[in-house]
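First the proteins, then the strands, lettered A, B, ... as listed; each starts at 1.
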Amino acid sequence: MHRTHNCGELTIKNTSEKVTVAGWVQRIRNLGGLTFIDLRDRYGITQLAFNMEVNPELCEKARELGREFVIKAHGTVTERSSKNLNIPTGEIEIIVDNFQILNKSLIPPFTIEENTDGGDELRMKYRYLDLRRPPLRKNLILRHKLAFETRNYLNNCDFLEIETPVLIKSTPEGARDYVVPSRISPGEFYALPQSPQSFKQLLMISGFDKYFQIVKCFRDEDLRADRQPEFTQIDCEMSFVEQDDVLNTFEGLIKYLFKEVKNIELNEFPRMAYSEAMAKYGSDKPDIRFGMQFVELNDVLKGKGFQVFDNAEYIAGICAEGCANYSRKQLDALTDFVRKPQIGAKGMVYIKYNEDGSVRSSVDKFYTEDDLKKVAEKFNAKAGDLILILSGETDHTRKALCELRLEMGNQLGLRNHDVYAPLWVVDFPLLEWNEEDKRFYAKHHPFTSPHIADIDLMDTNPAEVRANAYDMVINGVEVGGGSIRIHDKQMQNKVFELLGISNEEAEEKFGFLLKALQYGAPPHGGIAFGFDRICSLFGGSESIRDFIAFPKNNNARDVMIDSPSPISDEQLKELNLKIIANK
RNA sequence: GGUUCGGUAGUUCAGUUUGGUUAGAAUACGUGCCUGUCACGCACGGGGUCGCGGGUUCGAGUCCCGUCCGGACCGCCA
């Protein structure tokens, strides 16, 4: 008795066919004379029916089954006398004439249903059971589809999928590396790749022209809902291209995925300079599903005797449409929100443009109604709108105002999961000053090429140099980023110089790449997408964990297999390692 | 490294503010009844080291200190 059908495909059309199905017992409903079993597999649920009058022996046997037992059943597809139109197979049932227990099950620690009663930790520990639930099953099927269609699109564009090594070399800058001790070379370590960056550049030098790889990457940093220590990138690189070529090719990929997987047609992605994104949204990954752009107010609010503003480097606000009726309590809650340590604003000023045309603010002492109306004009505010203003040091204030804008977007329901607003953020700065170390770091990575127009600035004002670097942002999520690389050794050396990387260090860490650049490296550039984030975005969720079959928890632990874990003294000895500190 | 929320039945939670009888609910589990259920229904039943350690008290799930574990976030993540 071989399986002839899955549990999702039998319908009224199969009536009176003899079939064999297999799966897990989802639920047993024992009505006395009748017993029903919902049999579940990856494809769906099919009802098995047992009748005490027809076959009492088999019916008794069915009643001994437990949840999650694995069985195989043979019987006849029959139209139900009372139908369940909520499921595709709901018009039929299988009148079972014979079944077999393939395996028993312990009672599962949580219910395996659409909405489980299990908590996060328990579900992680029994991930293989959680994955039986429809929501997670759908997520992994979605992931498969996205990976499949990505390969489809890139293959049609002549990209080759080429694997790069996982045991590689630790690199300076960037995230912490995961390292692997070498047994054969005592005292030496491999590093796991944070990305296949160097290798894909080498493949361009090898002449492969268009490369991609759906590949695991590793970063030893603290986790978030959207950050795992091992994650998957769609890593891509192209030769003989300029920025526009890369942007167009991969805008095409994302549009293709939306069309194929969600049947959504996206318009051309707007391109926004980094400086504009920071000025209007206070973020390099703006959520442009809604407006509420920043308006800078230094010119209208300074010099009226309000010390906080007079002493502020930067004053800016947002206008929340129709919120002038916010109560004192709501405004206090917003003030508390921006004063949370994670956001760190000192306070918040509001201006209410009331329905009756009057203007009231939390700083009426210092500003006349005319002053405040001038502010309202800057926002093109209408009667009924609420203006929220923060001030202080520019970067901090922008960040806080960005959080406030997103919070208001949430409160006003402007961040709908079913709406997708993609854009390119371009013209990132090449370098980023680090006050602690008193040196520049690469904003993207040290192989990113500078704007040709800004090359003179590299000597005079490095902080102002723009890079040929770009991010794709959808709904405030950075889904991908890349750059046109440096393909010239002199330029690469110059950038290392700006980054304070000595010749010796550069030679030690990237000697292979610097050497390769001298053997006819073509101009090239590329992009890497966070595949897990793309999956969660398509699935309408904030957390990438629900789209990874076996994710790690907040402390980078796999609680199911209980890893990381100590290794034996023999293993340590073989690796020439000694543990000097335990927690 | 920091902020914050949480840990009570197999599970999800209430109870902690204001210390006081035998720690409850739902669900899951077990037994019985039930011929059209599909979250079946009804009845009965078993099930607890209140995370752990210490302290205050006549008395601690409840208050204090410490610690462990988990979630979200900040720092960090080229």
In whole angstrom, give me the gap between the P atoms of G41(B) and A26(B). 13 Å
Please state the P separation for the pair A23(B) and U49(B) - nearest whole angstrom. 13 Å
Separation of the C1' atoms in C42(B) and G20(B), to the nearest angstrom: 38 Å
With no angle test and no hydrogens, is the base of G75(B) tied to the side chain of Q342(A) by a donor-acceptor pair under 3.5 Å? no
Within 45° of the ring axis of Y441(A) and under 6.0 Å from its six-membered ring centre, is that where the NZ or CZ of R439(A) lies? yes
What integer number of Å spans the P atoms of G19(B) and G61(B)? 14 Å
Row check, F99(A) ring normal vs K61(A) NZ/CZ: under 6.0 Å, within 45°: yes
How close or far is atom P of G1(B) from atom CG of D222(A), stated in whole angstroms? 9 Å
Within the modelled atom types, does a donor on one side and an acceptor on the other bring the side chain of N555(A) and the base of G70(B) under 3.5 Å apart? no
Please determine whether a side-chain nitrogen or oxygen atom of N30(A) lies at a distance below 4.0 Å from atom OP1 or OP2 of U37(B). no
For the base of G71(B), is there a side-chain donor-acceptor partner from R224(A) under 3.5 Å away? no
Got a donor-acceptor pair under 3.5 Å from the side chain of R27(A) to the base of C40(B)? no
Does a side-chain N or O from R67(A) land closer than 4.0 Å to OP1 or OP2 of C29(B), or not? yes
Under 3.5 Å, is there any donor-acceptor pair linking the side chain of R80(A) to the base of C38(B)? yes
For the side chain of R219(A) and the base of C77(B), is some donor closer than 3.5 Å to an acceptor across the two? no
Determine the interatomic distance between P on C64(B) and the same-named atom on G6(B); round to the nearest Å. 13 Å
Strictly by Watson-Crick or wobble contacts shorter than 3.5 Å, is anything paired with G70(B), and which nucleotide is it? C5(B)
Identity of whatever pairs with U31(B) - Watson-Crick or G-U, under 3.5 angstrom: A43(B)
Whole angstrom value for the distance that separates P of U3(B) from CD of E403(A): 19 Å
What's the CG-P distance between D120(A) and U12(B), to the nearest Å? 10 Å
